[in-house]
Amino acid sequence: MVPSDPSFEEMKKVVCVDKQRPCMHNRLHSHPILSSITKIMKECWFQSPPARLTALRVRKTLSKLDQDHDYPTEKLKMDL
């Protein structure tokens with residue numbers, strides 16, 4: 001969608017004008033933690049600002065995800 005080092009104007013066109021968002025690999029949806037993180041990311045990308053998650057909501061959701069899942073970070077990296 002953009003070159004490897006996009007300018008502000010290139011990003012503005014792709015995100016604000018063309019309304020494009022990155023595609024999420026299907027593999028992310030099959031892993032419980034990565035699926036939750038993907039959902040949070042998508043909720044931050046809503047076109048309407050009031051519909052987006054607040055930073056506090058993201059923080060609380062990630063914190064709860066961390067508490068609910070005792071999953072080693074190294075294992076998570078290998079799952080990617």
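Since the model is a prediction, treat every value here as computed from it, not as a measurement.
- Using a 4.0 Å cut-off between charged side-chain N and carboxylate O, E9 and K13 make no salt bridge.
- Nearest heavy atom pair, residue R27 against residue H25, reads N-ND1, 2.9 Å.
- A distance of 12.0 Å separates CG in L53 from CE in M41, rounded to the nearest 0.5 Å.
- Counting non-hydrogen atoms of other residues, nucleotides and ligands closer than 6.0 Å to CZ of R59 gives a total of 12 or fewer.
- For P49 against Q47, the heavy-atom pair with the smallest separation is CD-O, 3.3 Å.
- Heavy atoms only, all atoms of each residue included: V15 and R21 are closest at O-NH1, 3.2 Å.
- Remark: T38 engages M24, L28, H29, K42 in a side-chain contact (heavy atoms from CB on, under 4.5 Å) (not counting sequence neighbours).
- Shown here for P22 and M1, the closest heavy-atom pair between the two residues is CA-CE, 3.8 Å.
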Go through it in stages, so that I can follow the logic: the residues are V14 and E10, the test is side-chain contact (heavy atoms from CB on, under 4.5 Å), and I'd like the CA-CA distance, side-chain angles, deciding distance and then a yes or no.
CA-CA 6 Å; V14 169; E10 289 170 320; 5.7 Å; no
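- Note that the CG atom of D66 and the CD1 atom of I33 stand 8.5 Å from one another [nearest 0.5 Å].
- Atom NZ of residue K39 and atom CG of residue L65 lie 11.0 Å apart, to the nearest 0.5 angstrom.
- Applying the side-chain contact (heavy atoms from CB on, under 4.5 Å) test to A51 and every residue at least two apart in sequence or in another chain returns F46, S48.
- A continuous path of Ile, Leu, Val, Met, Phe, Trp and Tyr side chains, each step under 4.5 Å between heavy atoms, connects L62 with L34, placing both in one hydrophobic cluster.
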